[in-house]
Amino acid sequence: MEQNQKIIIIGGGVAAKEAAIAARKQDPSASIIILAKEQYLPYYRPFLTEYLTNDLNEKRFFLADKNFYHQHKINVYLNDPVVSIIPEQKKVITQSHHFFIYDRLILAMGSYNFIPFPHVLEKKGVFSIKTLDEAKEVKRFTNIAQKAIIIGGGLLGLEAAWALKRKGLDVTIVEQVDRILPLQLDATCSIYVEKMIISKGIHLQLGTSVQKILGESRVSGVKLSNGNILPCDLLLFSIGVRSNTTLVKNIGIDTHHGILVNEKMETSIPTIYAAGDVCEFQEKVTGTWPPALLQGKVAGTNAAGGMMLYTPPISSTMISAFETKIFSIGDIRQNNTDNEYQHLSFKDSKKNIYRQLYFLNDQLAGGILIGDIHYSTKLIKGLQTKISIHDAKILFDM
Ligand SMILES: Cc1cc2nc3c(=O)[nH]c(=O)nc-3n(C[C@H](O)[C@H](O)[C@H](O)COP(=O)(O)OP(=O)(O)OC[C@H]3O[C@@H](n4cnc5c(N)ncnc54)[C@H](O)[C@@H]3O)c2cc1C
């Protein structure tokens, strides 16, 4: 491997940070540079919803401080997005007209929140949270807003709804599917959580979508496909993400929903790697933190001359809202017919505890924990070792 190779990383999230650290471990003499669009060092993005109701604890929020990057000889350039990549010259150019030459390039530009209505974010009161600056804006606005509508009943939508409710707003969640958390819960558990949400005074509009956003310069409400008109002065979109692929549109790299990568996080252009929300591995853009972290590590290691293969972690979700916790992992009968599955359930209505485990051919395939999630470690281990129904009954007190 050549000496003093130049590794450039585009992005400023967890995938970028992990890629830089892994590259440094692999090659102590490489020049490593992170080029980031945001004005902040990489931070723990999942905290942004909690930030709506809590103060920011910088030690916990930032993935590392300035000194850390300095000690690891990682140069971070903030607030200056890359606007152009020229693979033939192995060159990238930033908005402020600085250019950088690389031997290896890692793309970690993450994703943006999908908004189906063009220019709607220009209306006062319409938001979507992806960055700390956006979360700050929403937080400021909650001091004057009274009625909020959250579009999207997934993980982030529910957490945001709970945060706004706790700030004293009247909150309605609109979900296109006829139940909440359609990706994380089975139908029984969705109903269970829906009751919990309603009991906290949050309104649900399920099986309907937004047809029109009302109000001229500021939002005044939404018209739904079921005919209902709901007034609001704060509208928050939370209906999924799309990979940030605009930057690579004309450079001849293979993309689908994201930038296509193999298990080494190599793209179709030799010397260019991709990791995190921006990439697509085995037809999937994961859009979650643990895969982004791991992919960053793999990309950084391989870009610096090492050898590491990516194995996707078992997908899991943890939600903390409505004074409860919900943990969902693995295959919970979402995409298959019911018949093949066996399941075990446990319910303690007084304590608001619910456990549901799914088995395929007498092997644990997935599970949902509501209320009491201290079984989550056992659940992860049980999935790895594919325990039987008999063993699960004992292990999970069912
Ligand atoms: C509010 C919120 C809550 C979440 N909660 C959870 C959760 O509970 N659990 C979970 O698993 N996941 C959660 N996620 C998702 C998780 O945060 C992402 O999957 C993860 O951050 C992806 O990391 P990344 O590094 O790939 O991309 P990102 O974190 O999106 O970072 C990409 C960075 O690249 C920068 N960038 C983009 N274009 C350029 C450019 N041209 N030049 C330079 N820089 C550029 C962006 O500005 C951004 O800073 C949440 C996300 C949000 C927004």
Side-chain angles (χ1 to χ4, degrees), residues 8-20 33-52 63 76-85 92-96 98 100 105-114 127-135 138-139 150 152 154-160 163 183-184 236-249 258-259 261 265 274-281 284-297 299-300 313-321 325-329:
I8 302 280
I9 302 162
I10 306 178
V14 63
K17 184 242 169 188
E18 288 297 319
I33 294 175
I34 294 179
L35 302 173
K37 182 176 174 179
E38 287 184 70
Q39 57 172 314
Y40 309 102
L41 287 170
Y43 55 83
Y44 186 57
R45 214 170 285 280
F47 178 76
L48 292 180
T49 322
E50 206 181 315
Y51 168 70
L52 297 178
L63 304 183
V76 188
Y77 294 80
L78 298 173
N79 213 8
D80 191 13
V82 172
V83 291
S84 176
I85 301 171
V92 302
I93 303 169
T94 68
Q95 194 171 56
S96 64
H98 286 95
F100 298 83
L105 178 65
I106 302 174
L107 306 171
M109 293 90 74
S111 56
Y112 62 91
N113 290 341
F114 175 61
F127 301 98
S128 162
I129 301 176
K130 186 75 191 179
T131 64
L132 177 56
D133 285 337
E134 285 164 349
V138 176
K139 191 168 183 166
I150 314 287
L155 157 75
L156 304 188
L158 293 199
E159 286 190 340
L183 299 177
Q184 292 87 5
L236 188 70
F237 279 93
S238 186
I239 53 173
V241 298
R242 302 286 184 270
S243 297
N244 270 326
T245 53
T246 317
L247 182 62
V248 298
K249 266 230 148 53
I259 299 168
V261 289
M265 298 291 122
D277 282 7
V278 80
C279 79
E280 176 176 333
F281 175 72
K284 221 175 155 193
V285 174
T286 51
T288 52
W289 189 266
L293 189 152
L294 189 54
Q295 289 172 353
K297 243 181 213 171
I314 304 172
S315 75
S316 68
T317 305
M318 229 288 283
I319 300 163
S320 189
K325 284 195 161 64
I326 301 167
F327 181 77
S328 157
I329 187 165

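Atoms within a ligand are numbered from 1 in the order they appear, just like the ligands themselves.
Residue Ala36 approaches ligand 1 through these ligand atoms, each under 4.0 Å from one of its heavy atoms: 43 (C), 44 (N). Annotation for ligand 1: atoms under 4.0 Å from non-hydrogen atoms of Ala15 are 25 (O), 26 (O). Under a 4.0 Å criterion applied to the non-hydrogen atoms of Gly287, ligand 1 contributes the atoms 15 (C), 19 (O). The ligand atoms of ligand 1 that sit less than 4.0 angstrom from a heavy atom of Ala292 are 22 (C), 23 (O), 26 (O). The Glu38 neighbourhood of ligand 1 comprises atoms 47 (O), 48 (C), 49 (O), with distances under 4.0 Å to a heavy atom of that residue. Ligand-side atoms of ligand 1 in range of Ser111: 30 (O), range being under 4.0 angstrom from any heavy atom. For ligand 1, the atoms lying closer than 4.0 Å to a non-hydrogen atom of Pro81 are 42 (N), 43 (C). Less than 4.0 angstrom separates some heavy atom of Leu247 from each of these atoms of ligand 1: 41 (N).
Ligand 1 has an N or O atom lying under 3.5 Å from an N or O atom of Val14, backbone or side chain. Residue-to-ligand polar distances keep Thr49 apart from ligand 1: every N/O pair is separated by 3.5 Å or more. When only interatomic distances are considered, the shortest N/O to N/O separation between Glu159 and ligand 1 does not fall below 3.5 Å. Below 3.5 Å of separation, one finds no N or O of Ile10 facing any N or O of ligand 1. The shortest N/O to N/O separation between Pro290 and ligand 1 does not fall below 3.5 Å. Every N/O-N/O distance between Leu155 and ligand 1 stays at or above 3.5 Å.
With distances taken over non-hydrogen atoms, the option nearest atom 52 (C) of ligand 1 out of Thr245, Leu132, Leu156, Leu48 is Leu156. For the residues Pro46, Ala274, Gly110, the heavy atom positioned nearest atom 8 (O) of ligand 1 is part of Pro46. Closest to atom 40 (C) of ligand 1 by heavy atom, among Val82, Asp80, Val278, is Val82.
Between Met265 and Cys279, the shortest heavy-atom distance links the atoms SD-SG, 4.4 Å. When all heavy atoms of Tyr44 and Leu63 are compared, the pair lying nearest together is N-CD2, 3.8 Å. A pairwise comparison of heavy atoms in Val14 and Ala292 identifies CG1-CB, 3.8 Å as the closest pair. The heavy-atom pair separating Tyr51 from Ala135 by the smallest distance is CD2-CB, 3.8 Å. Of all non-hydrogen atoms in Leu156 and Ser238, the two that sit nearest each other are CB-OG, 3.4 Å. Across all non-hydrogen atoms, the minimal contact from Ala20 to Ile34 is CB-CD1, 3.8 Å.
Here the rule is side-chain contact (heavy atoms from CB on, under 4.5 Å) with Tyr112, and of Thr246, Val241, Asn244 only Asn244 fits it. The side-chain contact (heavy atoms from CB on, under 4.5 Å) with Ile259 is formed by just one residue from the set Val278, Leu247, Val285; it is Val278. Paired with Thr94 under the rule side-chain contact (heavy atoms from CB on, under 4.5 Å), one option of Ile10, Leu35, Val83 passes, and it is Leu35.
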Please step through side chain to side chain contact (heavy atoms under 4.5 Å, CB included) for the pair Leu105 and Leu107, ending with a clear verdict. CA-CA 7 Å; Leu105 178 65; Leu107 306 171; 3.9 Å; yes

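Residue, atom and distance of the protein heavy atom nearest to atom 44 (N) of ligand 1 are Lys37 N, 3.1 Å. Looking at atom 39 (C) of ligand 1, its nearest protein heavy atom turns out to be Met109 CG, 3.7 Å. At the shortest separation from atom 29 (O) of ligand 1 among protein heavy atoms lies Arg45 NE, 2.7 Å. The shortest contact between atom 12 (N) of ligand 1 and any protein heavy atom is with Trp289 N, 3.4 Å. The single protein non-hydrogen atom nearest to atom 33 (C) of ligand 1 is Gly12 N, 3.3 Å, given as residue, atom name and distance. With hydrogens left out, the protein atom closest to atom 53 (C) of ligand 1 is Ile129 O, 3.5 Å, a heavy atom. Here the heavy atom of the protein found nearest to atom 26 (O) of ligand 1 is Asp277 N, 2.9 Å.
Residue Lys325 places its NZ atom among 12 or fewer non-hydrogen atoms of other residues, nucleotides or ligands, all under 6.0 Å distant.
At distances below 3.5 Å, at least one donor-acceptor pair connects side-chain atoms of Ser243 with backbone N or O atoms of Asp277. Side chain of Tyr43 to backbone of Leu132: a donor-acceptor contact under 3.5 angstrom is found. Proximity of a side-chain donor or acceptor of Gln39 to a complementary backbone N or O of Leu78 within less than 3.5 Å is not detected. In this structure, Glu280 contributes its side chain and Gly258 its backbone to a donor-acceptor pair below 3.5 Å.
Residue contacts with ligand 1 for Ala135 are absent, since no atom lies close enough (heavy atoms, distance under 4.0 Å).
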